There are 2 protein chains.
Amino acid sequence: MNTTPNLTKNQSLVLDVLTRSEAPLSAYTILDKLRDSGFRAPLQVYRALDKLIEMGIAHRLESLNSFVACAHANESCCGHAHGHGHHGTVAFAICESCGQVNEFHDHAIDDRLAGWAKERKFKPSKTTIEIRGLCEACMH
Amino acid sequence: MNTTPNLTKNQSLVLDVLTRSEAPLSAYTILDKLRDSGFRAPLQVYRALDKLIEMGIAHRLESLNSFVACAHANESCCGHAHGHGHHGTVAFAICESCGQVNEFHDHAIDDRLAGWAKERKFKPSKTTIEIRGLCEACMH
DNA sequence: GTTCGTTGTGTTATGCTATAACGTGTGGCA
DNA sequence: TGCCACACGTTATAGCATAACACAACGAAC
Ligand SMILES: [Zn+2]
Ligand SMILES: [Zn+2]
Ligand SMILES: [Zn+2]
Ligand SMILES: [Zn+2]
């Protein structure tokens, strides 16, 4: 099974940097890490990120203006098929001390939001759920 | 206008602009609208916004880098006291066509997120929930 | 194989968002 | 009076994102 469908060179480089990183990275940080690989301009990063996000193998954290590799790229979780280009709504818990990010999803929350939307005839396209706080390791 | 305690002049001006607006406003848009009132620099807007948000009478929309007046400032909803300086986690439905924002909260979602956090000993400080999509009026 | 549209790429310039750093003024209070 | 906390004003700078243009690579259509 091929988990990574035909990434271009730039997309692979960006995904690689994201995957290796413990914490989310800003586009400009990614750029700096890829200068030795030939990257010269922000747009090279943003274009790669756009595609990776579109494919569902990277995510943007709105509250940080940063990006992470998807933690579920090759899983199918809770019996829901989950890779292949896009997955459902996902939530992030972000530690404000160590920067670690935990990606998860919760069908009860999804259902609740979907219910709200249906009642009001609102058609969701993208949902952001981000919890900022302190992880267990960083609490005193 | 504002039943709110002791806002400074700049804070009142910013809140007023937000309240009158149908859609979220960026800090720089607010600045432009307040030039005639003497505003000259972004920081004047950001400082006022910081306080308003801290008081819970304005909100930041992370996915838009924009700001709205709180829709619940003077309500106590679902039997939960709700004004007075800060209220619980709130969600936003944002129409990508007309820009209209609908602020709501859902205790089931709150409970779910709180449960997730408790299980992992994660201590939340601020939670962002934003649904982008199309409102009923804007659907074809 | 040539034509042509699509997609990725490279580069420069620009615009939008947010904060640092420093200084002033005002009101409350010992 | 002296002090402190806090709002305010201003300039400069940092950080995030896209517009606009040009070129190369690829595959499908003819
Ligand atoms: Zn994911
Ligand atoms: Zn941590
Ligand atoms: Zn509110
Ligand atoms: Zn709409």
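A quick note: this is a predicted structure, and the numbers were derived from the prediction, not measured. Residue numbers begin at 1 in each chain, while the letters A, B, ... track the order of the sequences.
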Whole-Å distance separating the CG atom of B/L31 from the P atom of D/dT11 = 13 Å

ask   = Under 4.5 Å between any side-chain heavy atoms of A/W116 and B/D106, yes or no?
value = no

Protein-nucleotide distance (A/L34, atom CG; C/dT9, atom P), rounded to Å = 12 Å

Atom pair CG/CD1 of A/L25 and A/I30 - distance to nearest 0.5 Å = 5.5 Å

key: Under-4.0 Å side-chain N/O to phosphate OP1/OP2 contact, A/T8 with C/dT7   = no

remark   = Between A/S26 and B/Q11, whichever has its closest DNA chain D nucleotide further toward 5' is B/Q11

ask   = Just one of B/H105, B/E103, B/H59 clears the side chain to side chain donor-acceptor pair (under 3.5 Å) bar with B/H72, so which one?
value = B/E103

task = For B/L49 and D/dA7, give me the distance from atom CG to atom P, rounded to whole Å.
result = 14 Å

request  = Measure the distance from CD on A/E54 to P on C/dT7 and round it to the nearest whole Å.
outcome  = 10 Å

request  = Flag as yes if A/Y28 stacks onto the base of D/dC16 (centroids under 5.5 Å, planes under 30°), otherwise no.
outcome  = yes

message = Rounding to an integer number of Å, can you tell me how far A/L25 CG sits from D/dG15 C1'?
response = 15 Å

message = Are B/F67 and B/V45 packed together at the side-chain level, in the sense that at least one heavy-atom pair is separated by less than 4.5 angstrom?
response = no

message = Heavy atoms only, 4.0 Å cut-off, all strands: where does A/R40 land among base, sugar-phosphate and nothing?
response = sugar-phosphate

task = Using a strict 4.0 Å threshold on nitrogen-to-oxygen distance, state whether A/R60 and A/E62 make a salt bridge.
result = yes

request  = Quick one: label A/A41 by what it contacts on the DNA or RNA (base, sugar-phosphate, nothing), any heavy atom closer than 4.0 Å.
outcome  = base

inquiry  = I want to confirm an ordering. Mapping A/P42 and A/A48 to their closest nucleotides on DNA chain C, which one lands closer to the 5' end?
reply    = A/A48

query = From C/dA20, D/dA19, C/dG8, pick the nucleotide closest to the side chain of A/K51?
reply = C/dG8

ask   = Nearest to the side chain of A/Y46, which nucleotide is it out of C/dG8, C/dT12, D/dT18?
value = D/dT18

task = Please check the phosphate of D/dA19 (OP1 and OP2 only) for any side-chain N or O of A/R47 closer than 4.0 Å.
result = no

request  = Take atom CZ of A/F39 and atom C1' of C/dG8, then tell me their distance rounded to the nearest Å.
outcome  = 11 Å

remark   = When rounded to whole Å, the CG to C1' distance for the pair A/L64 and D/dC16 reads 13 Å

ask   = Should A/Q44 be listed as having a side-chain N or O under 4.0 Å from OP1 or OP2 of C/dG10?
value = yes

ask   = Which of these nucleotides, D/dA17, C/dT11, C/dA18, is closest to any side-chain atom of A/N65?
value = D/dA17

task = When you get a sec, tell me which of C/dA18, D/dA20, D/dA17 is the closest nucleotide to the side chain of B/F67?
result = C/dA18

key: Value in whole Å for how far the C1' atom of C/dG15 lies from CG of A/L43   = 13 Å

